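Structure first, then comments.
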Amino acid sequence: MTPLEAFDLIASAELLEHRIKSIAKEFAPRSLLAREASWLGSAHECIAQGLRGLDDLMTRALFLPELANVRNERVRVLQGAAVDAVEALHGSIREADGERSPLLEALYTNLKVLPLRRAHQDDFDAFCTEFDRRLDASYPKRMLAGERYASVTPALAELRRAFAEWRSLVLCAPLSEDDTHALTNEIQAAAVRLELPCRQAMLLAEAALLAAPDLRDASGIFDKMRKRMRSTRNET
């Protein structure tokens with residue numbers, strides 16, 4: 001199993017866990033399906049237990065050379081999210097103090113936000129650095145600490161988080177050969193451990209959903225996961 005295949009399997013397992021959990025909620029109003037609901041509960045616990053202990057493995061794995069394309073795709077998503085956070089902060093300040101808020105002028109004058117979604121990483125890093133500089137200037141810092149802008153705090157925290165998450169994937173040094181080898185072994189071992197819980201969870205979920213074909217058809221998870229598991233078995 002290659003690192004990319006292992007990453008893909010774990011990502012699919014995470015999606016399976018999320019969708020089983022979501023489907024299980026739909027069983028609550030269906031009192032005649034209590035037995036099937038318990039099967040779904042077992043399916044969720046099975047896959048959830050398999051996923052425990054992964055911590056930040058999926059994030060660290062993005063630095064493997066084989067996952068460069070996946071990391072670049074994730075960087076683009078995070079870059080868009082960071083731009084969203086910049087726009088959301090603007091909206092939050094406007095709601096708190098109006099269109100002519102002096103804080104808006106201090107932070108957003110001459111900023112070009114829209115092209116940033118497609119900007120080169122160096123250009124976007126320069127933008128983040130400049131915006132951080134504006135936020136840390138004495139006047140915005142003093143204003144944001146005041147009662148008038150208390151409602152802006154969540155949007156500001158989200159912007160800080162979005163910048164940090166983007167930078168965490170872009171500004172880190174490449175892995176050493178030893179670290180690459182260790183991380184490859186770690187993600188491959190995690191994927192192998194997940195194969196059995198995934199199959200068990202799928203079987204339990206499919207048995208439960210036989211009694212609710214409308215939910216089964218809406219789930220959209222079985223064919224994709226079954227194909228992935230079959231492909232993995234054929235390669236081992």
Side-chain angles (χ1 to χ4, degrees), residues 7 10-11 14-15 17-18 21-22 48 51-65 67-176 179 183 186-187 190:
F7 182 92
I10 296 172
E14 291 175 335
L15 179 61
E17 185 271 337
H18 171 75
K21 185 177 181 179
S22 297
L51 288 168
R52 287 186 191 119
L54 292 183
D55 298 325
D56 63 344
L57 173 60
M58 293 293 275
T59 298
R60 290 186 289 112
L62 290 173
F63 291 94
L64 288 170
L67 292 172
N69 289 338
V70 179
R71 183 173 73 253
N72 289 336
E73 184 178 312
R74 179 62 177 158
V75 166
R76 285 194 294 272
V77 170
L78 293 178
Q79 187 162 318
V83 175
D84 289 343
V86 171
E87 295 174 345
L89 180 63
H90 185 286
S92 184
I93 294 172
R94 189 177 62 245
E95 288 180 10
D97 198 31
E99 292 280 355
R100 297 186 178 181
S101 169
L103 185 55
L104 286 178
E105 182 177 353
L107 293 178
Y108 288 89
T109 298
N110 298 326
L111 276 181
K112 298 179 180 180
V113 177
L114 289 178
L116 290 172
R117 297 183 188 277
R118 302 180 299 277
H120 186 273
Q121 291 177 4
D122 290 344
D123 294 331
F124 190 71
D125 182 46
F127 167 82
C128 294
T129 300
E130 168 61 17
F131 202 83
D132 279 339
R133 184 193 67 77
R134 295 187 182 200
L135 282 170
D136 291 335
S138 59
Y139 176 74
K141 210 169 192 178
R142 185 172 70 253
M143 295 296 287
L144 286 167
E147 185 64 27
R148 176 184 294 181
Y149 294 102
S151 61
V152 175
T153 300
L156 178 60
E158 176 58 24
L159 181 141
R160 298 284 199 190
R161 186 204 63 77
F163 280 10
E165 191 172 8
W166 180 85
R167 284 168 167 150
S168 72
L169 287 186
V170 174
L171 304 181
C172 290
L175 293 173
S176 68
D179 287 341
L183 186 52
E186 184 180 357
I187 193 170

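It should be emphasised that the depicted structure is a prediction, and the values quoted were computed from it without experimental measurement.
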Under 4.5 Å between any side-chain heavy atoms of H18 and S22, yes or no? yes
Under the criterion side-chain contact (heavy atoms from CB on, under 4.5 Å), I'd like the reasoning laid out for R167 against T129: C-alpha separation, chi angles, the key distance, then a yes or no. CA-CA 11 Å; R167 284 168 167 150; T129 300; 3.7 Å; yes
4.5 Å side-chain heavy-atom contact, L78 and L169: yes
side-chain contact (heavy atoms from CB on, under 4.5 Å) with S176: which residues, sequence neighbours excluded? D178, D179
Counterpart residues, side-chain contact (heavy atoms from CB on, under 4.5 Å), relative to R60 (two or more places apart): D56, L57, L183, E186
Name all residues meeting the side chain to side chain donor-acceptor pair (under 3.5 Å) criterion together with D84; count only those two or more places apart in sequence or in a different chain, and write none if there are none. R117
Test of understanding: with side-chain contact (heavy atoms from CB on, under 4.5 Å), list the residues that count as partners of A155, not counting sequence neighbours. L89, S92
Could you list the residues that satisfy side chain to side chain donor-acceptor pair (under 3.5 Å) with Y149, not counting sequence neighbours? D97, S101
So F163 and L159, do their side chains get closer than 4.5 Å, heavy atoms only? yes
Non-hydrogen atoms of L111 and R134 that approach each other most closely: CG-NH1, 3.9 Å
Taking side chain as C-beta onward, heavy atoms only, is E95 less than 4.5 Å from S151? no
Please enumerate all residues that pass salt bridge (charged side-chain N to carboxylate O under 4.0 Å, His left out) together with D136, with sequence neighbours excluded. R160
With R133, which residues qualify under salt bridge (charged side-chain N to carboxylate O under 4.0 Å, His left out), at least two apart? E130
Who are the ring pair (Phe, Tyr, Trp, His ring centres under 6.0 Å) partners of Y108, not counting sequence neighbours? H90, F131
Between L64 and R71 the two heavy atoms that sit nearest each other are O-NH1, 4.2 Å
With E99 via salt bridge (charged side-chain N to carboxylate O under 4.0 Å, His left out) - residues at least two apart: R94
So V86 and L116, do their side chains get closer than 4.5 Å, heavy atoms only? no
Could you pull out all residues at least two apart from E165 that satisfy side chain to side chain donor-acceptor pair (under 3.5 Å)? R74, R161
R52: side chain to side chain donor-acceptor pair (under 3.5 Å) partners, not counting sequence neighbours: E45
About how many Å separate CG of L156 and CG of L144, when rounded to the nearest 0.5 Å? 5.5 Å
Could you give me the CA-CA distance, side-chain angles and deciding distance for L54 and I10, then say whether side-chain contact (heavy atoms from CB on, under 4.5 Å) is met? CA-CA 10 Å; L54 292 183; I10 296 172; 3.7 Å; yes
Any I93 side-chain heavy atom under 4.5 Å of L107 side chain: yes
Results of side-chain contact (heavy atoms from CB on, under 4.5 Å) for A137 - residues two or more places apart only: P140
Contact summary for A96 and R148, nearest pair of heavy atoms: CB-O, 3.9 Å
